Amino acid sequence: MSQTVDRALSILPLLAEGPADLGQVADRLGVHKSTALRLLRTLHEHGLVYRQSDQRYRLGARLFALAQAAMENLDIREIAHPHLVRLNESCGHTVHLAVHEEGEVLYIDKVDSRYPVRMYSRIGKPVAITVAAVAKLLLADLPEPERRALAEKLDYPLYTPRSTPNAAAFLKELATVREQGWAADLGGHEESINCVAAPVRGADGRVVAAMSVSAPNVVVSAEELLTLLPLVRRTADAISGEYSGRTPVSHPDTSHPDKDPA
């Protein structure tokens, strides 16, 4: 039975490449045409494949409906939280998860540091959008016209001498973040707080959330915090894989913070 299910499911990625006839399906599965036909008929009965007038098969509409329902029921916070906890247990610093909603970047999860010095960030509170590392990642993923329009209407408060001063500087920084795939806030919001962040991506590759590790200078220097970037990126990749369904549930190796991802 498991082999039959495996073969049936193997048909779906084949048809995702484009319509295929019975012979092509049989060849890809390495089975007789009669076996392939039985599998296709079963999938057809469930609406997962559709037989065209030219006798080729393509993915069925019900498959897209199921995929849409699955995406709507995904809770990025629920998926990410165990990963954030493990990262916090590994490094000891404050870990955040943020999303971009209705023009604001909001924290939707937080795991506090294990040392006495705590950050004032709160779940549900908007971040300082022009300086926060998570905001840079989320906004950098926007199409270029949207990035430009947003940058031009934002205010640029100078929280510290390292704050982003204007739209031109912000757009330049977003371009860098988009290219390198990670972001940092090294004293841009509070001179004593540093932060590194990595993107969480959905099945389409778009950034759906951003996660970060933050720490005060009295605990760790900016340079030392940046050495955690590979671990932060591995954690974000693990969340992305689970959220998008690309990989089974797994736990990133947190025993070697300085080890780069393969």
Side-chain angles (χ1 to χ4, degrees), residues 74-141 159-160 162-164 173-174 177 180-202 206-222 224-243 251-252 254 257:
L74 282 177
D75 184 339
I76 186 63
R77 182 183 182 276
E78 182 178 350
I79 291 171
H81 187 72
H83 296 273
L84 305 184
V85 170
R86 282 188 290 273
L87 178 58
N88 169 268
E89 290 172 346
S90 174
C91 68
H93 306 312
T94 300
V95 182
H96 287 109
L97 182 71
V99 295
H100 183 211
E101 291 185 353
E102 299 181 357
E104 292 184 320
V105 175
L106 308 170
Y107 289 127
I108 60 171
D109 202 1
K110 176 185 179 182
V111 184
D112 276 310
S113 65
R114 58 173 177 244
Y115 39 79
V117 181
R118 298 296 176 90
M119 295 185 62
Y120 293 110
S121 56
R122 296 193 309 272
I123 294 174
K125 181 180 179 181
V127 309
I129 199 167
T130 60
V131 292
V134 289
K136 294 172 190 175
L137 280 168
L138 290 160
L139 301 184
D141 192 61
Y159 302 104
T160 79
R162 296 185 180 182
S163 298
T164 308
E173 188 162 7
L174 292 185
V177 167
Q180 68 189 13
W182 58 274
D185 169 17
L186 305 180
H189 187 218
E190 298 179 60
E191 288 192 82
S192 61
I193 302 291
N194 299 303
C195 175
V196 292
V200 175
R201 299 182 183 275
R206 298 295 304 274
V207 176
V208 296
M211 54 152 298
S212 65
V213 169
S214 304
N217 286 329
V218 295
V219 174
V220 62
S221 69
E224 291 170 322
L225 188 68
L226 284 169
T227 65
L228 293 176
L229 179 60
L231 177 57
V232 175
R233 298 184 76 176
R234 284 202 304 278
T235 302
D237 287 345
I239 298 170
S240 300
E242 189 174 336
Y243 179 76
H251 306 322
T254 57

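Count residues from 1 along the sequence. The structure presented is a predicted model; accordingly, all values stated were derived computationally and were not measured.
- The CD1 atom of Ile76 sits 8.5 Å away from the CD atom of Glu242 when rounded to the nearest 0.5 Å.
- With rounding to the nearest 0.5 angstrom, the CG atom of Asn217 is 5.0 Å from the CG atom of Asn194.
- A pairwise comparison of heavy atoms in Leu229 and Ala197 identifies CD1-O, 4.4 Å as the closest pair.
- In this structure, Lys136 NZ and Asp185 CG are separated by 5.0 Å, a value rounded to the nearest 0.5 Å.
- Of all heavy-atom pairs spanning Asn88 and Arg114, the tightest one is O-NH1, 3.7 Å.
- Checked by atom type and distance alone, the side chain of Gln180 pairs as donor or acceptor with a backbone atom of Trp182 at under 3.5 Å.
- Of the options His96, Glu101, Arg77, a side-chain contact (heavy atoms from CB on, under 4.5 Å) to Ile108 is made by Arg77 and by none of the others.
- Between the side chain of Thr164 and the backbone N or O of Thr130, at least one donor-acceptor pair lies under 3.5 Å.
- Val111 has its side chain within reach of His81: a pair of non-hydrogen atoms, C-beta onward, lies under 4.5 Å apart.
- Residues Pro199 and Leu137 share a closest heavy-atom pair of N-CD1, 3.7 Å.
- Partner of Thr94 under the side-chain contact (heavy atoms from CB on, under 4.5 Å) criterion, out of Ser113, Cys195, Ser212: Ser113 alone.
- Note: Arg201 CZ to Asp141 CG = 6.0 Å, rounded to the nearest 0.5 Å.
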Taking it one step at a time, do His93 and Leu228 satisfy side chain to side chain contact (heavy atoms under 4.5 Å, CB included)? CA-CA 10 Å; His93 306 312; Leu228 293 176; 3.5 Å; yes
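- Residue Val95 comes nearest to Met211 through the heavy atom pair CG1-CE, 4.4 Å, listed as atom of the first residue, atom of the second, then distance.
- Between the side chain of Arg162 and the backbone N or O of Glu191, no donor-acceptor pair lies under 3.5 Å.
- Smallest separation of non-hydrogen atoms from Val200 and Ser240: CA-OG, 3.3 Å.
- Ile193 contributes atom CD1, which lies 12.0 Å from atom CG of Leu186 (distance to the nearest 0.5 angstrom).
- In this structure, Thr160 contributes its side chain and Gly187 its backbone to a donor-acceptor pair below 3.5 Å.
- For the pair Leu139 and His100, the minimum side-chain heavy-atom distance is below 4.5 Å.
- Considering CD of Glu89 and CG of Leu84, their distance stands at 11.0 Å, rounded to 0.5 Å.
- For the side-chain contact (heavy atoms from CB on, under 4.5 Å) with Val131, the lone residue among His189, Glu173, Glu190 that qualifies is His189.
- Judged by distance alone, the side chain of Thr235 and the main-chain N or O of Leu231 form a donor-acceptor pair under 3.5 Å.
- Listed here is the closest heavy atom pair of Val208 and Gly202: CG1-N, 3.9 Å.
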